[in-house]
Amino acid sequence: MARLTVAKTYKMYIGGKFTRTESGRSIAIKNLQGEVAAHVCHASRKDFRGAVECARGAFSTWSDCTGYLRGQILYRMAEMLEGRRDEFASAIQTMQKMTIAAARKEVDASVDCLVQFAGWTDKFQQVLGCANPVAGAYYNFTTPQAQGVVAVIAPHTPSLLGLVALLGAPLCAGNTVIVVGSDVNPIPAAILGEVCQTSDIPSGVINIVTGVQSELYEHIATHRQVAGIYSAALAKKDRVEIEQGAADSMKRVRFSTLDGDDWFDGSITASPWNIEPFVEMKTIWHPSAC
Amino acid sequence: MRHAIDTVMVEQRAASFTRRSIKTDSKQQGLRLALSMIDLTTLEGKDSPEKVRSLCHKAVTPWEGIIEPHLPSVAAVCVYPSLVKVAKRALEGSSVNVASVATGFPSGQYPLEVRLNDVVEAVSDGADEIDMVINRGAFLSGCFDEVADEIAQVRTACGHAHLKIILETGELETLENVRLASDIAIQASASVGPIADGEVFIKTSTGKVSPAATMPVTLVMLESIRDYYEQTGVRIGMKPAGGIKTAKQALHYLVMVKETLGNDWLNPHLFRFGASSLTNDVLRQICKQQTGHYTATYDFSEA
Amino acid sequence: MTIATQDTSTEWDYSPALDSTKVTIEQKNKLYIGGKFVSPRSRAWFATTNPATEKKLADIARAGKADVNAAVFAAKTALPKWSRLSGSERAKYLYRIARRIQERAREFAILETMDGGKPIKESRDVDIPLVAQHFFYYAGWADKLAYAFPGASSSPVGVCAQIIPWNFPLLMASWKLAPALACGNTCVLKPAETTSLTALRLAEVFQEVGLPDGVANIITGEGDTGRFLAEHKAVHKVAFTGSTEVGKLLMRQTAGTGKKRTLELGGKSANIIFADAAIDQAVEGIISGIYFNQGHVCCAGSRLFVEESILEEVIHKLTRRLGSLRVGDPLDKNTDLGAVNSKEQLKTIERYIRCGVEEGAELHQTNTSRLPKKGNWCNPCFFTDVQPSHTIAREEIFGPVLSVMTFRTPEEAIARANNSPYGLAAGVWTNKGAKIFEVAKKLDAGIVWCNTYNKFDAASPFGGFKESGFGREGGVHGLRPYVRLGGV
């Protein structure tokens with residue numbers, strides 16, 4: 001008799017802990033052969049709310065720590081991702097018809113993307129900020145700083161790379177992030193929590209929920225503590241819903257237009273102009289005189 | 001105690017006074033007021049009794065022309081101690097005071113005894129007002145007690161004569177130093193005995209060091225005077241000196257005094273201009289206002 | 001002993017000093033579309049009045065849908081040629097505009113003051129010089145855009161709808177138009193209904209300098225005109241400065257359309273004074289922070305946080321200084337505070353003042369200027385005993401009304417300053433450098449003025465955090481809202 005495989009039920013990763021949804025719901029994830037490959041949590045709006053609390057709580061720790069330290073932590077995360085290359089490749093393959101080589105290429109690109117963002121943590125300020133030559137006896141400069149809690153709505157494809165690219169930009173700038181994993185292929189999102197856990201990411205800085213993304217749009221868009229939203233490849237009706245909801249607290253909403261091979265080009269995904277939507281420019285004036 | 005001062009904001013505030021527009025009646029009144037506040041000054045090595053007598057005549061009758069109402073005399077004539085007697089005689093019977101610089105003016109780099117003697121002699125020669133210089137060397141090296149002690153001794157030496165304390169702000173450089181020196185000067189004077197309104201002035205400059213009076217420096221000194229008045233009810237006088245050459249500048253200073261200390265200070269007992277060329281420019285403007293015509297420089301006597 | 005800096009005695013005071021330059025105003029002010037002044041197809045007009053006298057100044061065209069269509073069409077038509085024009089050629093037009101504004105500065109200043117009520121001192125010394133500076137500054141960027149966005153290529157966004165408020169009418173027009181035109185966009189600008197005159201005169205300047213037809217169009221009207229414009233399908237970008245309420249509405253209306261937006265909205269900015277500050281200068285900063293332009297300033301320092309140990313001194317100095325402000329005829333060069341822009345706004349401010357009193361705060365109205373009988377006047381004031389929950393401490397008043405509160409520690413000051421949905425500006429006053437930077441870093445505000453307040457410059461970005469909107473105007477950052485980036 002064939003051995004019964006132990007199918008995993010992935011937990012969500014919230015506030016540095018692996019938790020099940022408070023709703024008790026789960027979703028069966030079927031592989032390309034139509035077999036149930038795993039179960040993932042079906043997050044409720046309350047799970048999202050809890051994740052926002054954790055992200056908010058972690059914000060000052062993450063945004064206050066030096067760029068150098070954030071860079072080392074993100075680099076460590078890249079190391080851990082590299083170390084689980086095969087696991088991620090097979091997770092990518094679960095739902096997508098692709099060769100193992102192609103899946104590995106996506107994992108490699110994800111690692112590289114994360115390394116690039118690790119490098120940006122103490123440099124984007126110099127690219128996006130500047131000193132301003134005002135006409136008066138003032139020293140005046142503009143520096144970018146993190147906004148707060150950013151919700152990342154992961155695209156379905158590329159399932160790992162898309163998620164990492166959208167996560168990296170707000171994260172490297174010092175924002176804390178809630179990732180809403182793809183509902184089509186949530187497994188890379190679900191196991192990314194394990195990478196976070198084993199790297200040095202402080203609790204609450206990255207929070208990962210899974211479920212049905214569209215159920216959460218309204219809650220993400222209208223939660224007043226969420227400062228920004230980052231997503232890609234959304235349908236127009238979803239974009240309308242999100243922007244209408246975001247209006248009340250004036251969220252910064254960014255719909256990425258990245259597509260196809262763009263995702264594999266680090267100079268595009270990790271451009272500082274993708275970090276820019278998730279920082280606020282602060283201009284400081286000070287008189288200059290004896 | 002050191003007072004925090006932000007230079008750029010002081011400069012901005014000082015500049016705002018120059019944006020006031022003084023026209024018609026207000027200008028006529030302001031110009032006459034400015035004239036009455038002038039300490040007509042000559043402080044040159046080549047000063048002669050003849051020049052001082054001429055200056056005294058100008059002080060009493062700034063202009064020979066006929067103008068209604070009568071022009072006021074200036075407040076005082078300011079000379080070196082050796083010429084006090086000449087000035088005193090020339091001004092006899094007028095309302096114009098004799099002011100004398102003393103205390104080893106302008107540097108003050110003499111033994112204290114010499115400086116005090118300078119004061120005593122000028123007073124005994126008839127000076128109504130003494131313009132002393134503070135010991136900037138002591139101030140800049142942080143010996144504030146020494147500075148204060150010397151001022152107190154000078155005030156004592158003045159007797160009944162009024163005292164103007166020159167800070168020489170051009171050598172103090174920072175506005176924080178100006179404020180500190182102002183506070184020290186006022187406190188030190190008060191340490192000797194009660195001060196009647198206008199009995200003690202603080203003054204910006206000797207006129208021998210550049211920059212001399214500026215509006216930001218004067219503003220900081222006015223604020224020191226204001227704060228002392230609010231604490232004690234005693235009105236200290238103010239005298240910017242050097243660099244005020246035009247009637248327009250003088251009006252700017254009056255605006256600053258009015259908006260910082262109020263109208264109470266707008267009289268020669270509490271506010272003076274230390275100047276020489278200012279007088280004729282004020283006279284030209286007064287004439288222009290009254291006659292509608294512009295005058296030539298030779299229409300007015302050189303002092 | 002207290003010095004009364006404004007007394008009623010017959011002693012020396014300033015005679016009226018009215019700016020006597022005559023400025024002629026057309027009786028019927030048409031729309032500026034496609035390089036021509038045209039009558040509105042709507043055939044509708046409305047009156048604009050001088051808020052200081054309540055006298056009607058002129059009729060202004062009310063642009064209807066057809067007029068908006070015509071203006072957008074003109075901008076769309078002009079776009080290909082203008083956007084392909086070399087940057088250095090575009091720059092030359094903008095430089096010329098800056099020059100003509102400088103040359104006609106006095107006329108612009110007087111018109112701004114007559115139409116809007118702000119003191120001539122401010123329109124002459126602040127507004128109009130900054131308008132010229134903005135055009136001059138952005139002119140220089142037109143041929144240097146390749147250096148503004150490292151690693152990316154930039155292209156114009158397209159047709160820009162620009163809707164501006166009444167507090168800095170011409171200045172806001174320049175903030176919108178100068179960067180947009182420099183980047184190769186074409187524009188339709190709608191000034192606020194109470195202050196259209198200077199924008200229309202700017203259109204005359206466009207004609208004088210030969211700006212190609214349709215590159216910048218100016219249409220006048222009220223809220224509906226603005227809405228038609230923002231919703232127009234051919235518009236690629238909406239830039240709005242005004243109330244947070246309308247800003248949110250615009251965001252909803254344009255949701256999912258892909259239109260780019262810059263929203264510069266309301267504020268309730270905190271001005272924090274530490275005990276170690278240069279108090280006399282800080283008081284100057286408080287005064288200019290809240291009473292500049294009658295408090296009709298989105299970044300006005302309307303919440304004052306004073307370290308408890310110096311509260312009495314600050315109140316004393318504030319009272320004295322408030323007394324020295326001259327409120328009255330905006331055309332008098334000695335006026336510090338002019339007229340409130342409209343009856344409606346005056347009523348709003350008065351309602352807030354009543355509300356402050358009713359909620360238990362103590363009102364200080366220490367200015368004794370004799371206010372004219374006619375016109376919209378508000379005696380500048382401040383409140384003490386204000387609780388953070390009071391309406392006057394939370395809502396934007398947009399008038400000369402200051403709420404004074406206290407704090408004991410830097411952390412408390414920061415927390416209280418940030419306890420607001422707004423995040424436009426903030427002020428910090430302390431003589432200690434390290435403290436300045438720490439507090440400035442932690443304040444949720446797009447502009448932090450340290451030991452100064454209400455300073456503006458074409459080279460300095462302006463714009464807020466949180467519900468104060470997004471996007472920056474001014475500086476290199478002010479280009480970003482008017483380009484699309486490629487290669488990212």
Side-chain angles (χ1 to χ4, degrees), chain A residues 60 64 127-145 147-148 221 224 227 234-253 255-258 262 265 267-274 276-277 280-287, chain C residues 129 133 137 149-152 244 247-258 263 265 281 421 423 425 428 433 436-437 440-453 455-472 474-477 480 485 487-488:
Chain A
S60 64
D64 281 353
V127 174
L128 300 179
C130 59
N132 306 307
V134 294
Y138 297 91
Y139 185 57
N140 176 303
F141 55 97
T142 300
T143 49
Q145 64 182 59
Q147 292 168 342
R224 291 181 53 83
L234 284 185
K236 172 152 186 188
K237 74 168 177 42
D238 297 331
R239 296 202 304 267
V240 171
E241 181 183 2
I242 287 172
E243 285 201 322
Q244 283 189 339
D248 184 59
S249 64
M250 283 285 142
K251 285 181 184 50
R252 281 58 175 153
V253 181
F255 299 124
S256 171
T257 53
L258 289 176
D262 291 349
D265 184 344
S267 72
I268 296 177
T269 52
S271 160
W273 301 103
N274 288 329
E276 187 227 9
E280 291 297 332
M281 294 299 167
K282 176 177 281 181
T283 298
I284 295 178
W285 291 71
H286 198 284
Chain C
Q133 193 204 10
Y137 176 83
F149 308 102
T244 291
K248 289 179 180 180
L249 203 68
L250 278 173
M251 187 160 166
R252 283 190 200 100
Q253 279 164 355
T254 54
T257 59
L263 303 173
L265 311 176
Q281 288 80 58
V428 186
I436 285 262
F437 289 112
K441 187 175 83 182
K442 289 191 170 165
L443 287 170
D444 295 338
I447 306 108
V448 182
W449 282 295
C450 304
N451 292 328
T452 186
Y453 208 94
K455 289 278 151 207
F456 308 94
D457 195 282
S460 179
F462 186 94
F465 285 24
K466 300 196 285 192
E467 290 182 33
S468 291
F470 43 71
R472 292 292 178 271
V476 63
H477 295 89
R480 180 70 188 90
L485 295 183
V488 303

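Atom set for the values below is all heavy atoms of this structure, side chains included, hydrogens, waters and symmetry mates excluded. Order of the sequence lines sets the chain letters (A, B, ...), proteins ahead of strands, with each chain counted from 1.
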Identify which part of [X] has an atom lying under 4.5 Å from any heavy atom of chain C, answering side chain, backbone, both or neither.
X: A/Ser271; answer: side chain
X: A/Glu241; answer: neither
X: A/Ala270; answer: neither
X: A/Tyr138; answer: side chain
X: A/Asn140; answer: side chain
X: A/Ala135; answer: both
X: A/Leu128; answer: backbone
X: A/Gln145; answer: side chain
X: A/Lys237; answer: neither

Give me the atom names and distance for the closest heavy-atom approach of [X] to [Y].
X: A/Arg239; Y: A/Phe255; answer: CD-CD1, 3.4 Å
X: C/Leu250; Y: C/Thr254; answer: O-OG1, 2.7 Å
X: C/Ile447; Y: C/Trp449; answer: CG2-CE2, 3.6 Å
X: C/Met251; Y: A/Glu243; answer: CE-O, 4.0 Å
X: A/Val240; Y: C/Gly256; answer: CG2-CA, 3.8 Å
X: C/Ala255; Y: A/Gln244; answer: CB-CG, 3.4 Å

With rounding to the nearest 0.5 angstrom, report the [atom1] to [atom2] distance, [X] to [Y].
X: A/Met281; Y: A/Glu276; atom1: CE; atom2: CD; value: 5.5 Å
X: C/Arg480; Y: C/Phe149; atom1: CZ; atom2: CZ; value: 6.5 Å
X: C/Glu467; Y: C/Phe465; atom1: CD; atom2: CZ; value: 14.5 Å

Check each atom of [X] against the heavy atoms of chain A and say whether the ones under 4.5 Å are side chain, backbone, both or neither.
X: C/Leu265; result: side chain
X: C/Leu485; result: side chain
X: C/Ser468; result: neither
X: C/Val476; result: side chain
X: C/Leu263; result: side chain
X: C/Ala445; result: backbone
X: C/Tyr453; result: neither
X: C/Lys466; result: backbone
X: C/Pro150; result: both

So which residue, [options], ends up with the most heavy-atom pairs under 4.5 Å with chain C?
options: A/Leu258, A/Ile268, A/Val134; result: A/Val134
options: A/Lys251, A/Arg224, A/Arg252; result: A/Arg252
options: A/Val127, A/Asp248, A/Ile284; result: A/Asp248

> Taking the side chain from A/Lys282 and the backbone from C/Ala440, do they hold a donor-acceptor pair closer than 3.5 Å?
Replying inline: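 The answer is yes, because a donor-acceptor pair under 3.5 Å joins these two groups.
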So which residue, [options], ends up with the most heavy-atom pairs under 4.5 Å with chain A?
options: C/Leu443, C/Val428, C/Asp444; value: C/Leu443
options: C/Ala459, C/Ala152, C/Cys450; value: C/Cys450
options: C/Gly423, C/Gly463, C/Gly464, C/Ala425; value: C/Gly464
options: C/Lys442, C/Gln133, C/Arg252; value: C/Arg252

>> Applying side-chain contact (heavy atoms from CB on, under 4.5 Å) to C/Gln281 and C/Asn451, what does each step give before you reach the verdict?
In response: CA-CA 8 Å; C/Gln281 288 80 58; C/Asn451 292 328; over 6 Å; no
> Any side-chain donor-acceptor pair under 3.5 Å between A/Asn132 and A/Thr142?
Replying inline: yes
